[in-house]
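Report on the structure given below.
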Amino acid sequence: MEQDLLCKIPGPLLAWYDKNARVLPWRQDPQPYYVWVSEIMLQQTRVEAVKPYFDRFITALPTVAALAEAPEEQLLKLWEGLGYYNRVRNLHKAAKIVMENYHGQLPADFETLLTLPGIGKYSAGAIASIAYGIPMPAVDGNVLRVTARVLASEEDITKEQVIYDISSRLQKILPRDRVGDFNQALMELGALICLPVGKAQCLLCPLRHLCRGYEQGIYMELPKKAPKKQRRIEDRTVFVIISQQRVLIAKRGEKGLLAGLWELPNTQGAMDETQCREYLFLRGAKINKIVSLGKAKHIFSHVEWHMTGYGVYLEEENFPWEDAVWASARELGESYALPTAFKAYTGQIKKLLCE
DNA sequence: AACGCGGGGTC
DNA sequence: GACCCAGCGTT
């Protein structure tokens with residue numbers, strides 16, 4: 001094989017990183033627990049979105065021990081709005097394992113990190129290199145985009161083989177004295193300069209002189225990715241059910257979409273007010289009044305909810321709904337984790353309670 | 001290898 | 001609208 005083009009990256013990349021690295025909360029003091037929490041939060045999530053969540057999480061749960069002992073309700077509340085809620089459930093499981101099997105110390109070993117729930121190849125490499133200086137690559141979407149462009153590679157970067165190939169080539173060229181910085185620098189370049197789809201800032205790029213994608217004028221077409229599956233649309237009718245100045249909320253199941261979070265009672269289909277009244281009556285509701293709350297849309301990665309909302313005033317709190325509890329407005333804000341999907345309706349609760 | 005799993009930013 | 005993002009676990 002020819003001398004790997006990638007081996008020319010570290011020098012100029014690290015020089016650039018030394019001048020341009022962002023100041024990030026988990027970078028100030030890269031102790032293993034902080035790096036771990038940040039890497040889990042950063043999975044498929046932008047730095048700017050993570051920042052406030054990270055600070056709040058670390059303040060509430062400063063150590064692995066505190067995390068392991070925290071009730072799941074508190075964890076979901078701290079994660080509320082960040083998405084991919086299985087991440088925090090896995091983080092919790094892993095913290096318990098770390099307490100029981102590793103004396104509360106996050107293992108300083110790539111293969112062992114890989115066995116912990118929520119830690120895959122990328123995260124194991126990131127934690128090992130950043131927290132412990134272990135020479136393992138951390139190949140995420142940024143790294144794949146940067147390397148595909150530098151190499152002018154038209155391979156589909158979602159293929160496992162491509163990720164494996166880039167990983168092994170990067171491992172060979174990791175500067176042994178700065179492995180964590182190198183991995184972060186590659187990602188930082190992807191996040192600040194080598195931006196996706198037509199936003200690349202090549203004139204500011206420290207790798208421009210060796211980038212074949214730039215040289216050949218094809219960087220804007222890279223990286224190649226297989227098209228994503230189309231989202232399906234789901235119609236749902238959402239109820240803000242009120243009685244005695246409290247709102248009915250229900251706990252979702254332990255598996256699937258928004259697992260373990262609380263939600264406004266809702267059901268399949270887009271009902272009009274008459275259907276809505278009929279449906280609730282058949283379930284045993286004694287309805288005082290129904291008001292329309294309008295339509296709302298929420299887009300998940302794989303499904304789109306088209307919601308029709310109603311405010312429903314009951315004569316009494318006696319109304320059977322599976323896994324439901326009555327909550328005051330204050331409790332709703334402080335104690336229960338509700339997904340963003342219901343924001344259009346939860347935002348109207350205060351007003352509805354005044355009527 | 002394909003799929004389910006959030007939410008927000010950008011053009 | 002479409003695309004993308006410091007991915008992982010399940011099937």
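Since the structure is predicted, the reported quantities are computational estimates derived from the model, not experimental observations. To find a chain, count down the sequence lines: A is the first, B the second, and so on, and within it residues start at 1. Reckoned from all heavy atoms, side chains included, excluding hydrogens, waters and symmetry mates.
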Integer-rounded Å distance: C/dC8 P and A/R87 CZ: 11 Å

Under 4.0 angstrom between A/K51 side-chain N/O and B/dG8 OP1 or OP2: no

If you only use heavy atoms from C-beta on, which nucleotide in B/dG6, C/dA6, B/dG8 is closest to the side chain of A/L258? B/dG6

Determine the interatomic distance between P on B/dG4 and the same-named atom on C/dA6; round to the nearest Å. 23 Å

Checking all strands, does A/N86 fall into the base, sugar-phosphate, or nothing category for heavy-atom contacts under 4.0 angstrom? nothing

Looking at B/dG4, does its base get a donor-acceptor pair with the side chain of A/S301 below 3.5 Å? no

Remember a base hit wins even if backbone is also touched, and classify A/S123 as base, sugar-phosphate or nothing at under 4.0 Å, heavy atoms. sugar-phosphate

Measure CZ/A/R232 against P/B/dC3 and give the value in whole Å, please. 12 Å

With no hydrogens and no angle check, do the side chains of A/Q348 and A/K351 hold a donor and an acceptor under 3.5 Å apart? yes

Whole angstrom value for the distance that separates P of B/dG8 from NZ of A/K297: 15 Å

Which of these nucleotides, B/dA2, B/dC3, C/dA6, is closest to any side-chain atom of A/W26? C/dA6

Identify which nucleotide among B/dC3, B/dG6, C/dC4 has an atom closest to any side-chain atom of A/Y84, counting heavy atoms from C-beta outward. B/dG6

What does A/G198 touch in the nucleic acid at a heavy-atom separation under 4.0 angstrom: a base, only the sugar-phosphate, or nothing? nothing

Rounded interatomic separation in angstrom, taking CG from A/L82 and C1' from C/dC5: 12 Å

Length of the CG-C1' vector between A/L195 and B/dC11, whole Å: 13 Å

Side chain of A/P339 (C-beta onward), nearest among C/dC4, C/dA6, B/dG7: B/dG7

Indicate whether OP1 or OP2 belonging to B/dG9 is found under 4.0 Å from a side-chain N or O atom of A/K199. no

Below 30° counts as parallel, above 60° as perpendicular, anything between as tilted: where do the rings of A/W36 and A/Y33 land? perpendicular

Please classify the nucleic acid contact of A/G256 as base, sugar-phosphate, or nothing, using heavy-atom distances under 4.0 Å. sugar-phosphate

Within the 4.0 Å heavy-atom criterion, would you say A/F300 contacts the bases, only the backbone, or no part of the nucleic acid? sugar-phosphate

Does OP1 or OP2 of B/dG7 have a side-chain N or O of A/H298 closer than 4.0 Å? yes

Between C/dG7 atom C1' and A/Y85 atom OH, what is the distance in whole Å? 17 Å

Could you check A/I249, A/L264, A/L314 and say which one makes a side-chain contact (heavy atoms from CB on, under 4.5 Å) with A/I241? A/L314

Quote, to the nearest angstrom, the P distance that separates B/dG6 from C/dT11. 16 Å

Have a look at A/N90 and say if it touches a base, only the backbone sugar-phosphate, or nothing, with a 4.0 Å heavy-atom cut-off. sugar-phosphate

Does A/Q44 place a side-chain N or O at less than 4.0 Å from the phosphate oxygens OP1/OP2 of C/dC5? no

Any non-hydrogen side-chain atom of A/W305 less than 4.5 Å from a side-chain atom of A/V238? no

Select from A/G190 and A/P117 the residue whose nearest nucleotide in DNA chain C is closer to the 5' end of that strand. A/G190

Is there a side-chain polar atom (N or O) of A/T340 under 4.0 Å from OP1 or OP2 of B/dG7? yes

Between B/dC5 (P) and A/E254 (CD): distance, integer Å: 14 Å

Of the candidates C/dC5, B/dG6, C/dA6, the side chain of A/R145 sits closest to C/dC5

Using only atom types and a distance under 3.5 Å, with no angle test, would you say the side chain of A/R87 pairs donor to acceptor with the backbone of A/Q43? yes

Quick one: A/E188 CD to C/dC5 C1', roughly how many Å, whole number? 14 Å

Tell me whether the OP1 or OP2 atom of B/dG4 has a side-chain N or O from A/H302 closer than 4.0 Å. no

Under 4.5 Å between any side-chain heavy atoms of A/V23 and A/Q28, yes or no? yes

More than 12 heavy atoms of other residues, nucleotides or ligands under 6.0 Å from CD of A/E315: yes or no? yes

Using a 4.0 Å heavy-atom cut-off across all strands, classify A/R231 as base, sugar-phosphate, or nothing. nothing

The side chain of A/E304 is closest to which nucleotide in this list: C/dC5, C/dG1, C/dA6? C/dG1

